[in-house]
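Bear in mind the structure is a predicted one, so any value in this text is a computation, not a measurement.
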Amino acid sequence: MTIPPLAAGVGPLTPEQHQKLNELLGTLSPDQASWLCGYLAGVNASMAGSATAVTPASVAGQGQESVTVLFGSQTGNAEGIASDLVGALTAKGVNANLVDMGTYKTQNLKAEKNICVVVSTHGEGDPPDTAMDLHAFINGRRAPKMDGISFSVLALGDTSYEFYCKTGADFDTRFAELGGTRLLDRVDCDVDYEEAAEAWVAEVAEKFSAKLAASVAAPVAVAGGAVAAPASEYSKKNPFAAPLLERINLNGKGSSKETLHLELLLEGSGLTYQPGDALGVVPSNDADVVDEVITALGANADEDVVTPGGIESFRDALMGRYEITTLTRPFLRAYADLAESKEFSELIENNDRLNDWLYGREIIDVLQTWPVKGLPPTEFTDLLRKLPPRLYSIASSLNAHPDEVHLCVGVTRYEAHGRVRKGVCSTYLADRVALDETVRIYVDTNKNFKLPASVDTPVIMIGPGTGVAPFRSFVEEREVQGGGKNWLFFGEQHFDTDFLYQVEWQQWLKQGVLDRVDVAFSRDQNKKLYVQHRMQEQAKKLYSWLEEGGHFYVCGDESRMAHDVHQTLINIVKEQGGKSEEDADAYVKQLQKDRRYQRDVY
C-alpha cells in the first residue's frame with residue numbers, strides 16, 4: 001500500500017512537519033495505516049473532551065477480547081470487505097484489528113481468540129501473493145493448535161474456474177482441523193460478490209457482538225471535525241457514463257493480434273486514480289449471441305422476466321443483466337438436473353473429461369447439445385450469474401492526462417468447435433461502442449500494485465503484451481515526478497507489428513525518463529525468445545538495481561509468464577548473489593513482504 005503524499009500547502013503544518021509526515025506515510029503498511037487512523041481519532045476525541053467518542057480498538061481495547069480480521073488480497077477486493085467488517089464490528093463496540101496476511105506474524109496465531117478471514121483465490125487455486133506464507137504455515141507442521149479460537153471465513157473466487165474459492169476453503173478446513181470453532185459457516189462468493197459479502201459482514205458482526213457482549217464497549221461515534229465527503233458519487237454500484245474519445249489499433253498491418261488503445265473522458269465524474277489501479281468496465285452482450293440463446297431455448301424474446309433491476313423483456317435482460325457465455329460449475333450442475341441426460345451428467349462428474357470439453361465452449365454449446373424443451377425464460381435466467389464488469393489495468397497517469405483515463409485492451413476473437421468466439425467486453429469496446437458514445441466505468445483501486453513512495457527508487461517493470469498497460473501509467477507518472485531510474489522489459493510476437501507504444505518508449509528513452517528498454521519478440525527468430533530470457537541476459541545489472549533498493553513489478557499472464565519470470569528472478573539472485581536456492585527463494589520472498597516485488601497477473 002502506498003499512501004499518497006500530502007499536497008504542499010495543505011493543512012496547518014510547518015514545512016518541516018509536512019516533510020516528515022510524507023516520509024512516514026510512504027513507509028506505512030495497510031494495518032499500520034489503519035492503526036494510526038484509529039489512534040489519531042482516539043486522541044482527537046480525547047482532546048475534544050467527548051464522553052461519546054469511539055476509542056479505537058488498538059488504543060482502548062486494553063483487556064478486551066478482540067477480533068483479528070485477516071485479509072489476503074491480490075487486487076484489493078478482499079481488503080475492502082475486511083475493512084467493511086472492521087467498521088461494522090467497531091460500530092457495535094467490538095475491538096477489531098485489520099491485518100494484511102502479508103505482514104501478519106505467524107507466531108501470533110496461537111494467541112488469537114477470534115479470527116475472521118477474507119481471502120481471494122488466484123489463478124488455478126493459488127493464494128494471493130500476500131497470503132502465500134500464512135497459507136503455507138497453517139498447512140505445515142508448525143501450525144499451532146487452535147482450540148478455543150472462534151473463526152469465520154469469506155472466500156472470493158470465480159465459478160468459471162475449477163478450483164473456485166479454494167484458498168478460502170483451505171483456511172476454513174485447516175482452522176477446523178487445528179481445533180478452531182466456526183462461528184459462522186464459510187461463505188463462497190463469485191465475481192458478483194457484493195450482496196453475499198454485505199450479508200456475511202452483517203452476520204459476523206452480529207455474532208461476534210453477541211459472543212463478546214460482556215467485554216464490548218458501547219458503540220458510539222467519533223467526535224471532532226466534519227467527515228470528508230467521498231471524492232466521487234460513482235462506483236461499481238453506480239458506474240459513470242464516460243464518453244469514448246479515442247480508439248486506436250496499436251498493432252500493425254498483418255498482425256494476428258488486435259490491441260486497442262482507448263481514451264475515455266472523466267470530466268464531471270470526480271473519479272480519480274493512481275498508477276497501478278484498474279478500470280472496471282460494465283459491458284453489454286453481443287446481440288447475435290443473445291439471439292442465438294433465445295433461439296436455442298425456443299423462447300419468446302419479448303416475454304417479461306424479473307431481474308435485479310426490475311421487470312424487463314427476456315432479450316433486454318440477456319443483453320445487459322446476465323453472463324450468457326462463460327460456463328460455470330453451478331450453471332452446469334443446475335442445467336444437468338433439467339436436461340436429464342445421462343451423457344451430460346456423467347460428463348460433469350468427470351473433472352478431466354469436463355475440463356477438456358469446456359475448452360473453447362460457451363453456454364450456447366450446452367443449450368444446443370442438450371436442449372431442454374419449454375424451459376421458461378425466468379427459470380433459465382435463474383441459472384445465470386450477473387454479467388460481471390471486466391477489469392483492465394489503467395494505462396495512463398491522471399497527472400499527465402487530467403480528466404482522462406486510458407486503457408490497453410487485447411481484443412479476443414477466435415474460432416473453436418465450428419463457431420466464432422468473441423470476448424464479451426473486448427469486442428464491446430472494439431465493435432459496439434461508437435466514438436463519443438458512453439461506456440459505464442468505475443475505478444477499482446489496487447493497493448498491492450503501486451509505485452514506490454520515493455521517486456529516487458529504481459523501478460524494474462516486466463510487461464509483455466497488454467501487461468505493459470500499467471507501466472505506461474508508471475512511466476508517465478515518473479516523468480511528471482521527475483528523476484528516478486526506470487527499466488522496462490517488453491515482449492510480444494513480432495517487432496514490426498506488435499511493439500505496443502513503441503514510439504512513446506523510444507521518446508522516453510531519448511529524454512532519459514526510461515533508462516533501459518529490453519524487448520523480446522518471440523516469433524522473429526527460430527528459437528522463441530521471452531522476457532525472462534532478456535532478464536537472464538541482464539542478470540548482473542538487474543541484481544545491482546535490486547541491491548540499490550529497486551522495486552520489481554510484473555504484469556500479464558499468470559499461467560506461464562509470471563511463473564517463469566518468478567523462477568528466473570530466483571535464479572538471478574542465486575547466481576549474482578552467490579546464494580543457495582533456499583536463500584535466493586527467501587530473498588525474493590522478502591522482496592514481496594517489503595512490497596518491493598509486486599504482481600498484477602491474470
Side-chain angles (χ1 to χ4, degrees), residues 244-264 275-279 281 390-397 400-401 404-414 423 425-427 429-431 449 451 459-479 486-511 513-525 528-535 553-558 560-562 564-565 599-602:
L244 178 61
L245 300 175
E246 190 69 82
R247 176 171 46 216
I248 300 169
N249 187 351
L250 297 174
N251 296 103
K253 186 178 180 180
S255 175
S256 63
K257 299 193 173 188
E258 182 182 358
T259 310
L260 301 180
H261 171 78
L262 302 157
E263 299 181 3
L264 297 154
D277 289 342
L279 195 74
V281 176
R390 270 53 170 183
L391 294 178
Y392 295 102
S393 297
I394 291 174
S396 57
S397 160
H401 304 279
E404 291 184 14
V405 61
H406 300 175
L407 299 178
C408 178
V409 176
V411 182
T412 300
R413 308 180 199 269
Y414 62 97
C425 196
S426 64
T427 57
L429 292 169
D431 304 334
F449 201 72
L451 280 167
V459 167
I460 304 165
M461 301 163 283
I462 315 295
T466 55
V468 82
F471 301 135
R472 182 175 183 265
S473 75
F474 277 26
V475 176
E476 285 189 341
E477 184 75 5
R478 299 274 280 193
E479 180 181 25
N486 304 295
W487 185 354
L488 174 70
F489 287 83
F490 173 76
E492 252 296 358
Q493 290 188 356
H494 300 287
F495 173 86
D496 289 338
T497 58
D498 304 320
F499 195 168
L500 308 182
Y501 299 113
Q502 176 185 358
V503 173
E504 293 186 10
W505 306 129
Q506 290 174 334
Q507 288 176 342
W508 278 319
L509 266 174
K510 185 177 180 180
Q511 295 165 2
V513 178
L514 271 171
D515 291 78
R516 290 190 63 95
V517 175
D518 283 87
V519 295
F521 295 100
S522 60
R523 311 297 170 85
D524 280 350
Q525 58 283 312
K528 290 183 179 178
L529 189 67
Y530 298 113
V531 286
Q532 61 267 25
H533 300 132
R534 293 303 192 202
M535 286 172 56
Y553 299 89
V554 181
C555 183
D557 171 58
E558 193 273 342
R560 294 191 61 180
M561 181 277 295
D564 292 342
V565 166
R599 306 195 308 167
D600 181 8
V601 295
Y602 38 85

Original post:
Which is it for V409 and V281 under the side-chain contact (heavy atoms from CB on, under 4.5 Å) test, yes or no, and what are the steps along the way?
Top reply: CA-CA 11 Å; V409 176; V281 176; over 6 Å; no

Original post:
Does some side-chain heavy atom of T466 sit less than 4.5 Å from a side-chain heavy atom of Y602?
Top reply: yes

**OP:** Keeping the roles fixed (side chain from Q502, backbone from D498), state whether a donor-acceptor pair exists under 3.5 Å.
**Re:** no

Subject >> P464 vs Y530 side-chain heavy atoms within contact, under 4.5 Å >> reply: no

Original post:
Can you tell me how far CD1 of I248 sits from CG of L260, rounded to the nearest 0.5 angstrom?
Top reply: 10.0 Å

Subject >> G254 backbone acceptor or donor facing T497 side chain under 3.5 Å >> reply: no

Original post:
How many angstroms lie between atom NE2 of H533 and atom CG of D518, to the nearest 0.5 angstrom?
Top reply: 14.0 Å

Subject >> Minimum side-chain heavy-atom gap I462-L488 below 4.5 Å >> reply: no

Subject >> Backbone N/O of C555 and side chain of D600: donor-acceptor pair under 3.5 Å >> reply: no

**OP:** Identify the heavy atoms of Y392 and S426 that sit nearest to each other, and give their distance.
**Re:** OH-N, 3.6 Å

**OP:** Verify side-chain contact (heavy atoms from CB on, under 4.5 Å) between R534 and V519, making sure each step is shown before the conclusion.
**Re:** CA-CA 7 Å; R534 293 303 192 202; V519 295; 5.5 Å; no

Original post:
Are the side chain of E476 and the backbone N or O of S397 linked by a donor-acceptor pair below 3.5 Å?
Top reply: yes

**OP:** Output every pair passing salt bridge (charged side-chain N to carboxylate O under 4.0 Å, His left out) with a member in residues 499-511, not counting sequence neighbours, ordered by first then second residue.
**Re:** R472-E504

Original post:
Within the distance-only criterion (no hydrogens, no angle test), does the side chain of D515 pair as donor or acceptor with the backbone N or O of N486 below 3.5 angstrom?
Top reply: yes

Original post:
Would you call the rings of F471 and F449 parallel, tilted or perpendicular if under 30° counts as parallel and over 60° as perpendicular?
Top reply: tilted

**OP:** Kindly compute the distance separating CD1 (I394) from CG (L279), expressed to the nearest 0.5 Å.
**Re:** 5.0 Å

**OP:** Examine F474 together with Y553 and report whether their ring centres are nearer than 6.0 Å.
**Re:** yes

Subject >> Closest heavy-atom pair and its distance - W487, R516 >> reply: CD1-CB, 3.3 Å

Original post:
Say you draw a straight line from CD of E246 to CG of L407; how long is it, rounded to the nearest 0.5 Å?
Top reply: 13.0 Å

**OP:** Any chance you could lay out the side-chain contact (heavy atoms from CB on, under 4.5 Å) test for E492 and F521, step after step, and finish with the verdict?
**Re:** CA-CA 5 Å; E492 252 296 358; F521 295 100; 4.2 Å; yes

**OP:** State, to 0.1 Å, how close R560 and D557 come at their nearest heavy-atom pair, and which atoms those are.
**Re:** N-OD2, 3.1 Å

Original post:
Roughly how far, to the nearest 0.5 Å, is CG of L250 from CD of E258?
Top reply: 10.5 Å

Original post:
Judged by atom type as modelled, is there a donor-acceptor pair below 3.5 Å linking the side chain of S473 to the main-chain atoms of P470?
Top reply: yes

Subject >> CA sep, side-chain torsions, deciding dist, call: K528, R523, side-chain contact (heavy atoms from CB on, under 4.5 Å) >> reply: CA-CA 6 Å; K528 290 183 179 178; R523 311 297 170 85; 3.7 Å; yes

Original post:
If we only count heavy atoms from C-beta on, is the V411 to T427 side-chain gap below 4.5 Å?
Top reply: yes

Subject >> Note, K257 side chain near L500 side chain (heavy atom, < 4.5 Å) >> reply: no

**OP:** Identify which one of W505, F495, F499 satisfies the ring pair (Phe, Tyr, Trp, His ring centres under 6.0 Å) criterion when paired with F490.
**Re:** F499

Subject >> S396 side-chain N/O to H406 backbone N/O, donor-acceptor pair under 3.5 Å >> reply: yes

Subject >> Minimal non-hydrogen separation, G491 against V531, with atom names >> reply: N-CG1, 3.7 Å

Subject >> Check: L429 main-chain N/O paired with R247 side-chain donor or acceptor under 3.5 Å >> reply: yes

